[in-house]
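Just so it is clear: chains get the letters A, B, ... in the order the sequence lines come, proteins before strands, and each one is counted from 1. Quick note: numbers below take in every heavy atom, side chains included, and nothing from hydrogens, waters or symmetry partners.
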Amino acid sequence: MKHYEVEILDAKTREKLCFLDKVEPHATIAEIKNLFTKTHPQWYPARQSLRLDPKGKSLKDEDILQKLPVGTTATLYFRDLGAQISWVTVFLTEYAGPLFIYLLFYFRVPFIYGHKYDFTSSRHTVVHLACICHSFHYVKRLLETLFVHRFSHGTMPLRNIFKNCTYYWGFAAWMAYYINHPLYTPPTYGAQQVKLALAIFVICQLGNFSIHMALRDLRPAGSKTRKIPYPTKNPFTWLFLLVSCPNYTYEVGSWIGFAIMTQCLPVALFSLVGFTQMTIWAKGKHRSYLKEFRDYPPLRMPIIPFLL
Amino acid sequence: PTSVLVTGVQVSSRIFMVWLITHSIKPIQNEESVVLFLVAWTVTEITRYSFYTFSLLDHLPYFIKWARYNFFIILYPVGVAGELLTIYAALPYVKKTGMFSIRLPNKYNVSFDYYYFLLITMASYIPLFPQLYFHMLRQRRKVLHGEVIVEKDD
């Protein structure tokens with residue numbers, strides 16, 4: 001069996017960083033990254049981007065050395081992706097924050113509202129309902145992160161955790177402040193409005209969860225396979241007929257429900273910002289599906305049936 | 001190519017200073033600080049847009065390039081000083097009149113206090129101004145002195 005030689009150069013300076021001899025032909029990029037870390041321990045595999053061309057795309061961890069267009073001496077270019085943090089860690093942190101922060105406002109912990117309101121309770125039913133809904137939503141997200149989602153990537157850049165937590169924690173505090181405020185005004189159309197909005201919220205939460213389970217079932221544990229999602233026996237998944245990312249559709253629906261239920265403008269703004277971001281993600285995912293699968297159902301839109 | 005974000009921030013701050021401060025709060029229109037930022041902006045914009053225009057026409061006189069990358073060294077701090085002093089002068093009027101503000105209770109369960117918004121705006125100059133200033137200084141070194149600047153890795 002002929003062994004390969006691999007030299008790794010810095011993509012920017014072309015400096016020779018590492019020379020590996022006697023590399024097995026069926027070695028994967030992941031294994032090469034591990035070998036590289038041995039000589040440069042500060043660059044753990046998750047922060048390495050290796051490519052055939054300094055300006056080209058990153059090679060995948062699963063790629064096999066002898067299948068690449070290289071001679072028996074392969075030249076790979078290295079780019080440092082910066083400090084990395086796992087997706088799971090980011091998700092758990094960014095979701096635990098709102099859960100905890102909202103409750104601080106709900107229980108009217110001192111120094112938020114005037115002292116005479118410390119630890120008092122709202123007399124409006126909708127305020128208690130809102131706390132249950134908000135808390136349920138984030139508990140659901142935490143459990144899904146731990147037990148349901150199958151992530152394509154292990155890590156993301158470290159700075160994302162600061163950006164993401166500021167967004168989630170900041171908005172949670174802003175919404176919670178008004179909903180739990182002693183001067184909170186309940187919805188204009190009273191119990192009818194609350195009931196309808198609660199129904200929307202619950203249906204969309206069930207829908208969102210159904211989609212997450214359906215997506216999980218598409219992908220075996222520990223794999224990164226991609227398949228076209230299709231409707232299952234669960235009626236909530238029938239939205240796949242019209243939309244590529246029904247999980248996002250249901251998520252927007254949940255927050256619209258919550259906004260109508262609480263009749264709180266900051267909630268509406270949070271829904272709008274979330275909708276904007278999810279639309280960008282949905283369009284990207286939709287484009288990936290179209291590129292990867294020739295037979296992708298033509299009726300589907302990215303996030304809103306027939307429209308967007 | 002200019003950054004959309006940087007230009008966006010700059011244009012927004014101009015619109016804010018003109019319409020939401022100077023136009024809306026009549027008493028501060030007599031402040032000297034208003035003259036300060038108006039003069040700084042005027043000279044800056046004439047230089048900047050001449051630079052853009054001549055660049056697009058592919059006929060850029062050196063003194064315009066020189067002006068665009070040197071005037072800002074003085075004009076930028078002068079303009080910022082004028083803006084901050086003007087906002088500071090406006091504070092008592094904003095507090096007294098409660099303008100542009102919404103208080104609780106209201107049916108949309110939101111509040112906005114323009115006075116605190118202005119305080120936060122003033123504070124935001126502290127991180128933003130040095131970033132923009134040093135960005136221009138780096139551009140200056142690159143354009144006028146042909147220095148090769150190795151960008152920090154992302």
Handout entry: Note: B/E45-B/R14 ion pair, threshold 4.0 Å (strictly below)
Key = yes
Handout entry: B/F112, CZ: over 12 other non-hydrogen atoms inside 6.0 angstrom
Key = yes
Problem - Heavy-atom contacts under 4.5 Å, residues 262-274 of chain A to chain B - result: A/T262, A/Q263, A/C264, A/L265, A/P266
Handout entry: Between A/F258 and A/W255, ring centroids under 6.0 Å
Key = yes
Exercise for the section: Establish, yes or no, whether a centroid distance under 6.0 Å links the rings of B/F117 and B/F100. Expected result: no
Problem - Distance-only side-chain donor-acceptor flag, A/Q48 / A/T37, under 3.5 Å - result: yes
Practice task
Please confirm whether B/Y69 and B/F51 have ring centers closer than 6.0 angstrom.
Solution key: yes
